[in-house]
J.: 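One structure follows; several queries about it will come next.
Ligands are counted one by one from 1 in listed order, and the atoms in each one are counted from 1 as well. Everything numeric in this text was worked out from a predicted model, so none of it was measured. Numbers here are sequence positions counted from 1. Hydrogens, waters and symmetry mates are skipped; everything else that's a heavy atom, side chains included, is used.
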Amino acid sequence: MSLLDRISSDRPYATSKGYLVSGAVWGVVGALIGLLASLELVAPDHIGWWPHMTFGRLRPLHVNLVALGFVYTVLLGVAAFIVPRLCRVEGLWSERLGTLTLWVWNAVWIGALLTLPFGMTQGREYAELIFALDVLVAISTLSITANVLMTVAKRREPILYVSLWYICGGLVWTIGVYVIGNIMWKPLMGEPAALQGIIDSIWLWFYGHNVVGLILTPMAVGAAYWVLPRAARAPVWSHNMSLIGFWVLLVVYTHTGTHHLLQAPVPRWLKVISIIDSIALLIPVLTVLLNIWLPLRGRWGALHTDVGARFVFAGTIWYFITCFQGPLQSLPSVQRLTHFTHWVVGHAHLAILGFAGFIAIGAAYTVLPMVCRRPIYSRRLADLQYWIMLMGLLMMFLALTTAGLVQGNAWLNQEAFYRTVPMMTVYMILRSVSGLAILTGLILMSYNVLRTVLSRAPEPEGAMARAEVAA
Ligand code: HEM
Ligand code: HEM
């Protein structure tokens with residue numbers, strides 16, 4: 001066997017399998033780091049004495065690992081399966097390129113583990129990775145995007161189902177958003193990867209919100225559009241409406257970044273645009289939700305029996321709550337109370353874990369049996385994971401939201417900051433407990449995914465046929 005064969009594979013869906021496994025493992029690592037960071041807010045003196053473990057170093061590591069290393073990686077694994085399926089071809093244009101790309105992608109997250117705790121950072125939120133790692137991100141996203149687009153170009157199915165729109169859009173935007181947001185051309189000129197002063201903040205939040213809006217959201221929506229109508233065995237409500245949602249998402253999301261800076265000295269017209277567009281975001285959100293929920297009427301039983309679909313459905317409910325909360329907290333009167341508080345952290349977890357993460361997990365459980373040609377190792381574990389994570393996230397969201405309201409009210413009432421810190425202890429403990437539940441759920445997922453992938457047991461009679469028919 002040649003070296004190339006050892007490190008890569010051209011078997012159909014090898015790329016999907018690799019990304020799903022990697023994402024599941026990075027989820028555990030990222031959540032563990034989040035748990036450590038949360039413990040520092042409960043008992044700072046107990047682990048924070050080691051410089052590499054201080055909150056300021058753990059936090060960016062956690063955020064990068066969970067948002068891109070876990071959620072986005074799993075969504076890429078899902079996309080690497082459903083794109084060829086929807087194109088009616090066997091596997092990606094080049095599975096070998098896909099599996100080689102995965103090495104580069106995983107090198108990024110190993111690199112993050114080896115740099116961020118040592119203080120090697122570019123210091124801009126969501127853009128902390130050092131330049132060398134940015135280059136690897138750019139190479140790997142360019143490669144997987146080219147692979148997916150070539151698959152679509154060689155398709156045997158003339159109709160482009162809406163999932164393909166969202167996935168192709170999400171991938172193409174990822175390259176643009178990442179390179180532009182990280183200002184990647186400046187280090188090439190020997191300058192720091194930042195602009196000056198408030199302009200950099202405006203730029204950074206154009207980037208930050210597009211990480212969630214143009215990278216994670218379209219990939220998650222594309223997966224949900226595939227999983228739920230398929231589970232309900234009913235088509236989406238309106239194909240035209242789904243495409244309107246797609247284009248409005250692109251137009252509106254690109255203008256909302258400044259809603260993170262309503263308390264900062266940025267031009268008023270920019271703030272006004274960001275607020276109006278934040279409210280307008282309800283249009284693409286509702287097109288997605290109505291399109292996906294309406295076909296489920298009278299077919300709820302499908303969710304009961306299909307744990308993957310159940311995760312995805314829960315993800316759409318979290319999406320609804322996130323996007324109800326989002327426009328609300330874009331209003332200056334509300335943000336006066338919530339900005340800089342734990343409320344925003346609650347929103348972030350609801351959005352990235354609840355919406356994008358739950359959809360990623362559910363879609364992974366849906367495609368895994370077809371990728372591996374055997375049922376998932378344990379349906380029971382997946383069910384258990386569902387309930388543990390559902391309860392864990394609900395508890396985390398409620399604890400952080402309440403903590404945020406307490407903080408915000410105290411500050412508005414001129415309470416000294418140091419006097420509000422002890423008020424937070426109980427909520428910080430609740431956040432750590434709920435975080436432990438989420439971490440446990442992700443460990444169960446990793447175990448389940450690894451056992452499914454590594455199992456050598458012959459597939460049970462008819463199991464694959466059922467999976468194929470379902471596909
Ligand atoms: C695996 C799923 C998870 C995802 C997708 C996720 C996502 C995020 C995101 C996006 C942020 C940035 C929040 C902001 O800037 O407003 C964040 C911060 C944080 N997360 Fe997570 N998280 C996950 C799991 C966890 C777990 C299990 C814990 C454990 C308690 C945790 C604890 C934290 C802490 C302590 C912060 C820093 C909050 C702060 O700056 O005050 N996360 N997480
Ligand atoms: C209608 C849709 C949405 C609107 C209008 C919205 C609005 C906002 C606003 C105004 C903030 C900043 C709050 C503050 O700093 O005071 C925020 C933060 C955040 N949002 Fe959203 N949001 C929406 C949907 C989403 C979605 C779908 C995701 C993820 C997929 C997401 C992820 C985040 C994250 C991670 C943060 C924390 C950023 C940070 O400070 O580190 N949001 N959102």
Side-chain angles (χ1 to χ4, degrees), residues 26-42 55-56 58-60 62-72 125-126 205 208-209 211-221 249 252-253 256-263 274-275 277-286 318-332 334-361 389 392-393 396 399-400 403-404 408 424 428 430-442 445:
W26 288 122
V28 173
V29 181
L32 180 65
I33 309 263
L35 183 61
L36 289 177
S38 81
L39 289 175
E40 291 207 11
L41 299 185
V42 174
F55 184 80
L58 291 183
R59 186 187 185 282
H62 165 64
V63 175
N64 279 281
L65 282 180
V66 287
L68 296 177
F70 162 49
V71 178
Y72 190 57
E125 199 182 349
Y126 298 97
W205 279 114
H209 215 92
V211 168
V212 299
L214 293 186
I215 295 183
L216 294 176
T217 297
M219 299 297 283
V221 167
L249 181 90
V252 171
Y253 238 120
T256 59
T258 304
H259 66 205
H260 293 261
L261 295 168
L262 297 184
Q263 325 291 321
S274 78
I275 296 168
D277 280 44
S278 298
I279 295 164
L281 264 177
L282 286 172
I283 302 169
V285 171
L286 289 177
W318 294 129
Y319 189 41
F320 176 71
I321 305 174
T322 302
C323 296
F324 174 75
Q325 193 189 25
L328 194 72
Q329 69 193 18
S330 305
L331 304 174
V334 176
Q335 214 178 89
R336 246 181 106 231
L337 174 71
T338 56
H339 192 62
F340 286 140
T341 71
H342 290 300
W343 165 290
V344 182
V345 185
H347 169 76
H349 284 89
L350 193 71
I352 299 199
L353 174 58
F355 155 54
F358 266 55
I359 291 181
I361 296 169
M389 289 193 67
L393 180 59
M396 185 184 273
L400 289 171
M424 291 300 111
M428 294 299 97
L430 285 175
R431 193 248 300 270
S432 291
V433 172
S434 57
L436 182 63
I438 293 167
L439 173 64
T440 309
L442 291 172
M445 176 182 177

J.: Minimum distance, heavy atoms only, to atom 34 (C) of ligand 1: which one of R59, M396, R431 is it?
T.: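 It is R431 that holds the nearest heavy atom.
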J.: At a non-hydrogen distance cut-off of under 4.0 Å, which region of V345 contacts ligand 1 (side chain, backbone, both, or neither)?
T.: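 V345 to ligand 1: contacts from backbone and side chain alike.
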J.: For ligand 2, is any non-hydrogen atom under 4.0 Å from W205's backbone (N, CA, C, O), its side chain (CB onward), both, or neither?
T.: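 The side chain, only.
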J.: What residue and heavy atom of the protein are closest to atom 32 (C) of ligand 1, and at what distance?
T.: G34 O, 3.5 Å
J.: Could you tell me, atom by atom, which parts of ligand 1 come under 4.0 Å of a heavy atom of S38?
T.: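 Counting from 1, the qualifying ligand atoms are 30 (C), 35 (C).
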J.: Taking C-beta and beyond as the side chain, do S274 and L262 meet within less than 4.5 Å on heavy atoms?
T.: yes
J.: Under 3.5 Å, is there a donor-acceptor pair between the side chain of Q335 and the main chain of Q329?
T.: yes
J.: Is any side-chain heavy atom of V221 closer than 4.5 Å to a side-chain heavy atom of P218?
T.: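 No - every pair of side-chain heavy atoms lies 4.5 Å or more apart.
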J.: Classify the contact between Q329 and ligand 2 as side chain, backbone, both or neither, using a heavy-atom distance cut-off of under 4.0 Å.
T.: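 It is both backbone and side chain that touch ligand 2.
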J.: Can you sort out which atoms of ligand 1 are near A348, meaning under 4.0 Å from one of its heavy atoms?
T.: 13 (C), 16 (O)
J.: Measuring only between side-chain heavy atoms, which start at C-beta, is L353 closer than 4.5 Å to L393?
T.: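 L353 reaches L393 side chain to side chain.
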J.: So if I count the atoms of ligand 2 from 1 in the order they appear, which ones are less than 4.0 Å from some heavy atom of F355?
T.: 27 (C), 30 (C)
J.: Among all the protein's non-hydrogen atoms, which is closest to atom 5 (C) of ligand 1, and how far away is it?
T.: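 Result for atom 5 (C) of ligand 1: I352 CG2, 3.4 Å.
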J.: How far does CG of L32 sit from CD1 of I438, to the nearest 0.5 angstrom?
T.: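 The CG atom of L32 sits 13.0 Å away from the CD1 atom of I438.
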J.: Can you tell me how far apart OG1 (T341) and CG (L400) are? Round to the nearest 0.5 Å.
T.: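 Rounded to the nearest 0.5 Å, the OG1-CG separation comes to 9.5 Å.
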J.: Among M219, H260, H339, which residue places a heavy atom closest to atom 15 (O) of ligand 2?
T.: H339
J.: Suppose we measure from atom 7 (C) of ligand 2 to each protein heavy atom; which comes out shortest, and what is that distance?
T.: H259 CE1, 3.3 Å
J.: Return the closest protein heavy atom for atom 2 (C) of ligand 1 as residue, atom name and distance.
T.: L353 CD1, 3.5 Å
J.: Set out, in order, the CA-CA distance, both residues' side-chain angles and the distance that settles side chain to side chain contact (heavy atoms under 4.5 Å, CB included) for V66 and I352, then state yes or no.
T.: CA-CA 9 Å; V66 287; I352 299 199; 5.7 Å; no
J.: Check the orientation of F358 and W318. Use parallel for under 30°, tilted for 30 to 60°, and perpendicular for over 60°.
T.: perpendicular
J.: Is V344 near ligand 2, meaning one of its heavy atoms is under 4.0 Å from it?
T.: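 The answer is yes, since V344 has a heavy atom less than 4.0 Å from ligand 2.
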J.: Can you sort out which atoms of ligand 1 are near G435, meaning under 4.0 Å from one of its heavy atoms?
T.: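 In order of numbering, the contacting atoms are 27 (C), 29 (C), 30 (C).
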J.: Examine the proximity of ligand 1 to E125 and report which part, side chain or backbone, both or neither, has a heavy atom under 4.0 Å away.
T.: side chain
J.: What's the separation between atom CE in M396 and atom CG in L436, rounded to the nearest 0.5 Å?
T.: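 Taking CE in M396 and CG in L436, the distance rounds to 10.0 Å.
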J.: Can you tell which part of H347 has a heavy atom less than 4.0 Å from ligand 2: side chain, backbone, both or neither?
T.: side chain
J.: Once you restrict to heavy atoms under 4.0 Å, what part of F324 touches ligand 2? Side chain, backbone, both or neither.
T.: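 Contact part for F324 vs ligand 2: neither.
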J.: Does ligand 2 have a heavy atom under 4.0 Å from the side chain of A356, from its backbone, from both, or from neither?
T.: neither
J.: Distance under 4.0 Å to a non-hydrogen atom of T322: what atoms of ligand 2 satisfy this?
T.: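 Under 4.0 Å from T322, ligand 2 has these atoms: 24 (C), 25 (C), 26 (C).
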J.: Specify side chain, backbone, both or neither for L436, according to which of its non-hydrogen atoms lie closer than 4.0 Å to ligand 1.
T.: neither
J.: From L65 CG over to F70 CZ, what is the distance, rounded to the nearest 0.5 angstrom?
T.: 11.5 Å
J.: Any idea which atoms of ligand 2 are less than 4.0 Å away from a heavy-atom of Y126?
T.: 35 (C), 37 (C), 38 (C), 39 (C), 41 (O)
J.: Would you call the rings of H62 and H349 parallel, tilted or perpendicular, where under 30° means parallel and over 60° means perpendicular?
T.: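 Rings of H62 and H349: parallel, under 30°.
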J.: Look at ligand 2 and say whether H209 reaches it with a heavy atom at a distance under 4.0 Å.
T.: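 Yes, H209 has heavy atoms under 4.0 Å from ligand 2.
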J.: Give the C-alpha distance, both sets of side-chain angles, the deciding distance and a yes or no for side chain to side chain contact (heavy atoms under 4.5 Å, CB included) between V71 and F355.
T.: CA-CA 10 Å; V71 178; F355 155 54; over 6 Å; no
J.: Would you check, one step at a time, whether the test side chain to side chain contact (heavy atoms under 4.5 Å, CB included) holds for N64 with W26?
T.: CA-CA 10 Å; N64 279 281; W26 288 122; over 6 Å; no
J.: So, taking the atom named OG1 in T322 and the one named CG in L281, what distance separates them when rounded to the nearest 0.5 Å?
T.: 12.0 Å
J.: Could you tell me if H347 and Q325 have a donor-acceptor pair between their side chains, going purely by distance under 3.5 Å?
T.: yes
J.: Which atoms of ligand 1 have any heavy atom of V63 under 4.0 Å away?
T.: 11 (C), 12 (C), 17 (C)
J.: Under 4.0 Å, counting heavy atoms only: does L216 come that close to any atom of ligand 2?
T.: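 Contact absent.
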J.: Considering non-hydrogen atoms of the protein only, which is the closest contact for atom 6 (C) of ligand 2, and what is the distance?
T.: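 The closest heavy atom on the protein side is G326 CA, 3.4 Å.
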J.: Suppose I only count heavy atoms of S278 and a 4.0 Å limit; which atoms of ligand 2 are within that range?
T.: 5 (C)
J.: Measure W26 to ligand 1 on non-hydrogen atoms and call it side chain, backbone, both or neither using the 4.0 Å cut-off.
T.: neither
J.: Atom 21 (Fe) of ligand 1 as vertex, arms to NE2 of H62 and NE2 of H349: angle to 10°?
T.: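 It is 180°, given to the nearest 10°.
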J.: Who's closest to atom 29 (C) of ligand 2 heavy-atom-wise, of A280, A351, P284, G354?
T.: A351
J.: Can you find a pair of side-chain heavy atoms, one from E125 and one from W205, that are under 4.5 Å apart?
T.: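 Answer yes - side chains close enough.
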J.: Counting heavy atoms only, which of Y253, F340, W343 comes nearest to atom 27 (C) of ligand 2?
T.: Y253
J.: In terms of atom number and element, which parts of ligand 1 are under 4.0 angstrom from non-hydrogen atoms of L442?
T.: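 Close to L442: 1 (C).
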J.: Taking only heavy atoms of L281, which atoms of ligand 2 are found under 4.0 Å from at least one of them?
T.: 1 (C), 2 (C)
J.: Scan side-chain atoms only and decide if H209 and T256 contain a donor-acceptor pair under the 3.5 Å cut-off.
T.: no
J.: With rounding to the nearest 0.5 Å, note down the distance linking CG in L216 to OH in Y72.
T.: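 Reported value, rounded in 0.5 Å steps: 8.0 Å.
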